[in-house]
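Data block below; observations after.
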Number of protein chains: 2
Amino acid sequence: MERKTKQRQIIESVIQQEGRPLNPLEILACAKLILPRLGIATVYRTIRLLESEGKLTAVSIPNKGVYYEPTRNVHHHHFHCRVCHKIFEIDCCTEDETQELPGGFLAENHEVIYHGVCKNCHNIKK
Amino acid sequence: MERKTKQRQIIESVIQQEGRPLNPLEILACAKLILPRLGIATVYRTIRLLESEGKLTAVSIPNKGVYYEPTRNVHHHHFHCRVCHKIFEIDCCTEDETQELPGGFLAENHEVIYHGVCKNCHNIKK
DNA sequence: ATAGGTGCAAACAGTTTGCATGTAT
DNA sequence: ATACATGCAAACTGTTTGCACCTAT
């Protein structure tokens, strides 16, 4: 049977609280503020656990590694700001979940990653 | 000045000849058929060179690593077959290159990756 | 009491780098 | 001749695993 440990509770709440996808090191850093002896292996193990429970979803960002966000059941995309390098969730773009593509490919799902500049960084530059 | 070596010519032609994006180990394996002593470091160095020359484009596939394809100037997407795990290029889906997204994000470019079953694998299963 | 979890260190996979040797110019 | 490229091994980064110790049940 599965246990409810301090580390699991804290890791889960860190991911839930933050408003954007976090990578394992970011998760570790936040959680360490509360549990200084926390190890990275526990973060990875807990990520896998939460993922298999469906509570967490991985978001892979080219050249940036894997980020994790609380699972949302609405289809959405991600935005990677090339200035601050944060990852944001984007609500948008109604697209069919399952669709046939040219060449007879049957797409069951897809990922879209936008790269650009977020509002914040765009204002700073002006 | 830059040199035209056997390894560079072979690596480039391997990527040009294959009809789909290849990862560094696939490139090494193909090129080794012709140049058995070729090392993986040379493959990586040549990839970087070709990329910086604009001849090669990287395609990052979640959970699968990075693949490389000859640069094409038409906007296109990729398809990852969950059965054979090959990566294919997909011509499709006219979408604006630069667009403002909800939330004030300015997208300069984006990547779309479809996951599903390719025609081939789909026929085999039937 | 004990099954399951943790932290640490070692192992791994993918990629990069240092260096002595090889080669295109 | 020499600047640049290669192959090999070592280093590095991100992730996983083995194991002795710890803890929720």
Side-chain angles (χ1 to χ4, degrees), chain A residues 1-15 20-53 55-69 78 80 85-87 113, chain B residues 1-15 20-53 55-69 78 80 85-87 113:
Chain A
M1 208 239 125
E2 215 144 83
R3 291 181 193 179
K4 193 170 174 181
T5 65
K6 232 174 249 188
Q7 12 290 84
R8 284 181 185 173
Q9 287 170 267
I10 289 162
I11 291 169
E12 186 170 355
S13 83
V14 159
I15 298 165
R20 58 185 179 84
L22 298 177
N23 69 27
L25 285 181
E26 289 173 328
I27 295 167
L28 179 66
C30 289
K32 269 200 167 200
L33 298 177
I34 301 162
L35 234 97
R37 309 211 46 209
L38 182 66
I40 188 69
T42 298
V43 172
Y44 278 108
R45 284 189 276 236
T46 305
I47 284 169
R48 257 197 301 182
L49 178 69
L50 294 172
E51 226 186 333
S52 76
E53 287 178 320
K55 290 183 184 168
L56 221 56
T57 301
V59 186
S60 176
I61 307 293
N63 293 314
K64 293 272 310 166
V66 184
Y67 288 69
Y68 297 89
E69 66 187 12
H78 294 94
H80 165 224
H85 293 294
K86 289 205 189 87
I87 310 300
I113 298 152
Chain B
M1 208 238 129
E2 215 145 82
R3 290 180 193 179
K4 193 169 173 182
T5 64
K6 231 175 246 185
Q7 13 288 86
R8 285 180 185 172
Q9 286 170 268
I10 288 162
I11 290 169
E12 185 170 355
S13 84
V14 159
I15 298 166
R20 59 185 179 83
L22 298 177
N23 68 28
L25 285 181
E26 288 173 327
I27 295 167
L28 179 67
C30 290
K32 269 200 167 201
L33 298 176
I34 301 161
L35 233 96
R37 308 211 47 208
L38 182 66
I40 188 69
T42 299
V43 172
Y44 279 107
R45 284 188 275 235
T46 305
I47 285 171
R48 258 196 302 181
L49 178 69
L50 294 172
E51 226 187 333
S52 76
E53 286 178 318
K55 290 184 185 167
L56 221 57
T57 301
V59 186
S60 175
I61 307 293
N63 293 314
K64 293 273 310 167
V66 184
Y67 287 69
Y68 297 88
E69 67 186 12
H78 296 94
H80 164 225
H85 293 294
K86 288 205 190 87
I87 310 300
I113 299 150

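So you know, we letter chains A, B, ... as the sequences are listed, proteins then strands, and number each from 1.
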Grab the CD-P distance between B/Gln9 and D/dT6 for me, whole Å please.
-> 11 Å
Mind listing the closest non-hydrogen atom pair of A/Val43 and A/Pro24 along with its distance?
-> CG1-O, 3.8 Å
Closest non-hydrogen atoms of B/Ala31 and B/Ile10, given as atom of the first, atom of the second and distance, are CB-CG2, 3.8 Å
Just jot down the side-chain contact (heavy atoms from CB on, under 4.5 Å) partners of B/Thr57, sequence neighbours excluded, or say none.
-> B/Glu69, B/Thr71
Relative to the 5' end of DNA chain C, which residue comes earlier, A/Gly39 or B/Val66, by the nucleotide with the nearest heavy atom?
-> A/Gly39
Between A/Ser60 and A/Pro62, what is the shortest heavy-atom contact and its length?
-> O-CD, 3.8 Å
So which heavy atom on B/Glu26 is nearest to which on B/Pro21, and how close?
-> OE1-O, 4.0 Å
Check whether any side-chain N or O of A/Glu12 sits under 3.5 Å from a backbone N or O of A/Gln9 as a donor-acceptor pair, and report yes or no.
-> no
Nearest-nucleotide 5' precedence on DNA chain C, B/Gly65 against A/Arg37 | A/Arg37
What is the distance, rounded to the nearest whole Å, between atom CZ of B/Arg8 and atom P of C/dT25?
-> 10 Å
Over all atoms of both residues, closest heavy-atom pair of B/Leu38 and B/Leu28 | O-CD1, 3.7 Å
Could you give the NZ-to-C1' distance, from B/Lys64 to C/dA13, as a whole number of Å?
-> 14 Å
Between residues 23-36 of chain A and DNA chain C, which residues have a heavy-atom gap below 4.0 Å?
-> none
Euclidean distance, atom CD1 of residue B/Ile47 to atom C1' of C/dG14 [Å, nearest integer] | 11 Å
What pair of heavy atoms forms the shortest contact from A/Thr46 to A/Ile11, and how long is it?
-> OG1-CD1, 3.6 Å
Footprint string (nucleotides 16-25 of chain D, 5' to 3'): B base within contact, S backbone only, - free, heavy atoms under 4.0 Å | BBB----BBS
